[in-house]
Every structure is written in structure tokens, then in C-alpha cells.
Amino acid sequence: MLPPMAIVWPCTLPVDAYAAAGRSVDVPRADCPDCGEPMRLWSGYFRFVREEGSCLKIWVPRGRCATCSRTHALLPAFCALNRLDQVESIGQVIAAVVGGLSGVRPAAEGIGVPHTTARGWVRRFYRNAQRLAVAFAALCVDLGDDAPTPVSDRLSFALQAMTASWRAACALPGWMSVDPWRFCSSVCGGSLLSTNTNSPWLVIGKRRFMPPVP
């Protein structure tokens, strides 16, 4: 049995629109990661998300399973676990640094975050790159596409695999409207930069690949 975890759903709303919706935000019904039964919404909590230097207060609903009585947070895909900044900001910095387009400091200044924060993102992505590369390459195959060809640079390979799996998912209904970094956050339960996860690939393929809200 898994401990309580965050279930990240592929929200396509802008962060400010999600924040403005407050408690009335439309959230899909998720299945319990322990027993697979549908959960119902059960309370929730507020948290902050930073977008372009501004912090917005958002409501995060919780789902409760009537069968096993466990609750799980239902995070929108623009959130990353234990990170204040939206996942697109994190991805923008990582892509710029890994792609050689920018150093960490100018990339951080471009989105209004501290240099030390952005440096931490890049370092954590480096530590997770091999795991992410292998998992997202496998996801490409799971979605019916060819896995990307491995390259010696594990950071570049991780980005290639993540992009390739997003492109494969775009062939499925609704996914073309989901930002690539939100897609990746949805797939791995917001754990792109986490030190450890509880099987983040519970939401892919035939298991629990949650569709976007129309």
C-alpha cells in the first residue's frame, strides 16, 4: 500500500485563471492509487504558486477513497512537488541551460526567480536525468511510438525522451492542448525534481493515464 500521495492531473488552465476559480475549479475524478476505485472530492487546502515573479494562492482539492479511506491531493499539472514555481518556469530554465542557450543566472533573471533557486532546479534535474530518460523513453513505447535514440549526454537524452513522449501523447484525444512540461509533471506525479518517489509512472499507459478536462 502506498502512503498518501499527490495525484497530478493535466490542467490546461492558466495559473491566474485557476487561482481566480478558487474552490469552484473543475477537477476530474481520479482513481485511488491503492485500490483503483473512483474517489470523491473531500476538502482540500490552499497553497501558493509563483508565476513570473508573482505568487498566486490556489485551492488544491483532495480526493478520498470510500473503499480504503485514504486521501490524496489533486494537484494541477502546473505544480511541482515541494516547489513554489510553476513547472513551465522550471522547464524553461532547464531547457535553456541543457540546450546551451543560456547560463543559469540569465535564465533565472528572465523569469524573475533567484539564481540559487534556478541552480537548484538544474542540479536536481541532473541527478534525476537517468531515471527520467529511461522512464520517458519507455513511455514512448507504451504510447505506441519509437523510443528516442540514447545519447551520451544524459541531460539531453532526458529532454529528448520527455519531448518524444509528449509528442506521442498528442495523438491521444485532448493531449495536444497540454503544455509539454505540464504533461511530464502529470505523468510523474509532479516528481520531476523530487529526491524520491512512489512509482511515479502510475498515471501512464493503460494504468491511470488521466485525460485532460475538456
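FYI, the numbering just counts along the sequence from 1. None of the values given here were measured: they were computed from a predicted structure.
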Heavy-atom pair of closest approach, residues [X] and [Y]:
{"X": "Leu159", "Y": "Ala95", "answer": "CD1-CA, 4.2 Å"}
{"X": "Asp31", "Y": "Pro38", "answer": "OD1-CA, 3.6 Å"}
{"X": "Thr149", "Y": "Gln160", "answer": "O-OE1, 3.8 Å"}
{"X": "Ser102", "Y": "Pro106", "answer": "OG-CG, 3.4 Å"}
{"X": "Pro148", "Y": "Ala161", "answer": "CG-CA, 3.7 Å"}
{"X": "Gly190", "Y": "Val8", "answer": "N-CG2, 3.4 Å"}

Find the distance between [atom1] ([X]) and [atom2] ([Y]) and round it off to the nearest 0.5 Å.
{"X": "Cys32", "Y": "Ile7", "atom1": "SG", "atom2": "CD1", "answer": "7.0 Å"}
{"X": "Asp16", "Y": "Ser54", "atom1": "CG", "atom2": "OG", "answer": "10.0 Å"}
{"X": "Trp181", "Y": "Gln86", "atom1": "CH2", "atom2": "CD", "answer": "12.5 Å"}
{"X": "Asp179", "Y": "Trp166", "atom1": "CG", "atom2": "CH2", "answer": "7.5 Å"}
{"X": "Arg70", "Y": "Glu37", "atom1": "CZ", "atom2": "CD", "answer": "15.0 Å"}
{"X": "Arg154", "Y": "Arg131", "atom1": "CZ", "atom2": "CZ", "answer": "12.0 Å"}

Sort out for me which residue in Val87, Val122, Ile94 forms a side chain to side chain contact (heavy atoms under 4.5 Å, CB included) with Leu193.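 Between Leu193 and the candidates, side chain to side chain contact (heavy atoms under 4.5 Å, CB included) is satisfied uniquely by Ile94.
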How about CZ on Arg47, more than 12 heavy atoms from neighbouring residues, nucleotides or ligands closer than 6.0 Å, or not?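 Yes, enclosed.
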[X] with [Y], same ILVMFWY side-chain cluster at under 4.5 Å:
{"X": "Val151", "Y": "Leu139", "result": "no"}
{"X": "Leu84", "Y": "Phe78", "result": "no"}
{"X": "Leu13", "Y": "Val15", "result": "yes"}
{"X": "Phe183", "Y": "Leu172", "result": "yes"}
{"X": "Phe157", "Y": "Val98", "result": "no"}

Check whether any side-chain heavy atom of [X] lies under 4.5 Å from a side-chain heavy atom of [Y], and answer yes or no.
{"X": "Ile111", "Y": "Val113", "value": "yes"}
{"X": "Val93", "Y": "Phe125", "value": "no"}
{"X": "Leu192", "Y": "Ile90", "value": "no"}
{"X": "Cys140", "Y": "Asp146", "value": "no"}

Is it true that a side-chain atom of [X] and a backbone atom of [Y] form a donor plus acceptor pair closer than 3.5 Å?
{"X": "Arg182", "Y": "Cys11", "result": "yes"}
{"X": "Ser165", "Y": "Met162", "result": "yes"}
{"X": "Ser185", "Y": "Ala77", "result": "yes"}
{"X": "Arg64", "Y": "Leu41", "result": "no"}

Only one of Tyr18, Phe46, Phe48, Tyr45 passes ring pair (Phe, Tyr, Trp, His ring centres under 6.0 Å) with Trp59; say which it is.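 When Tyr18, Phe46, Phe48, Tyr45 are each tested with Trp59, the ring pair (Phe, Tyr, Trp, His ring centres under 6.0 Å) holds only for Phe46.
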Side chain to side chain contact (heavy atoms under 4.5 Å, CB included) assessment of Ile58 paired with Cys79: CA-CA 10 Å; Ile58 67 167; Cys79 290; 3.8 Å; yes
Set of residues satisfying side-chain contact (heavy atoms from CB on, under 4.5 Å) with respect to Thr117, sequence neighbours excluded: Arg50, Asp85, Pro114, Trp121
Run the numbers on Leu155 and Val97 for side chain to side chain contact (heavy atoms under 4.5 Å, CB included), then give the verdict. CA-CA 10 Å; Leu155 296 176; Val97 174; over 6 Å; no
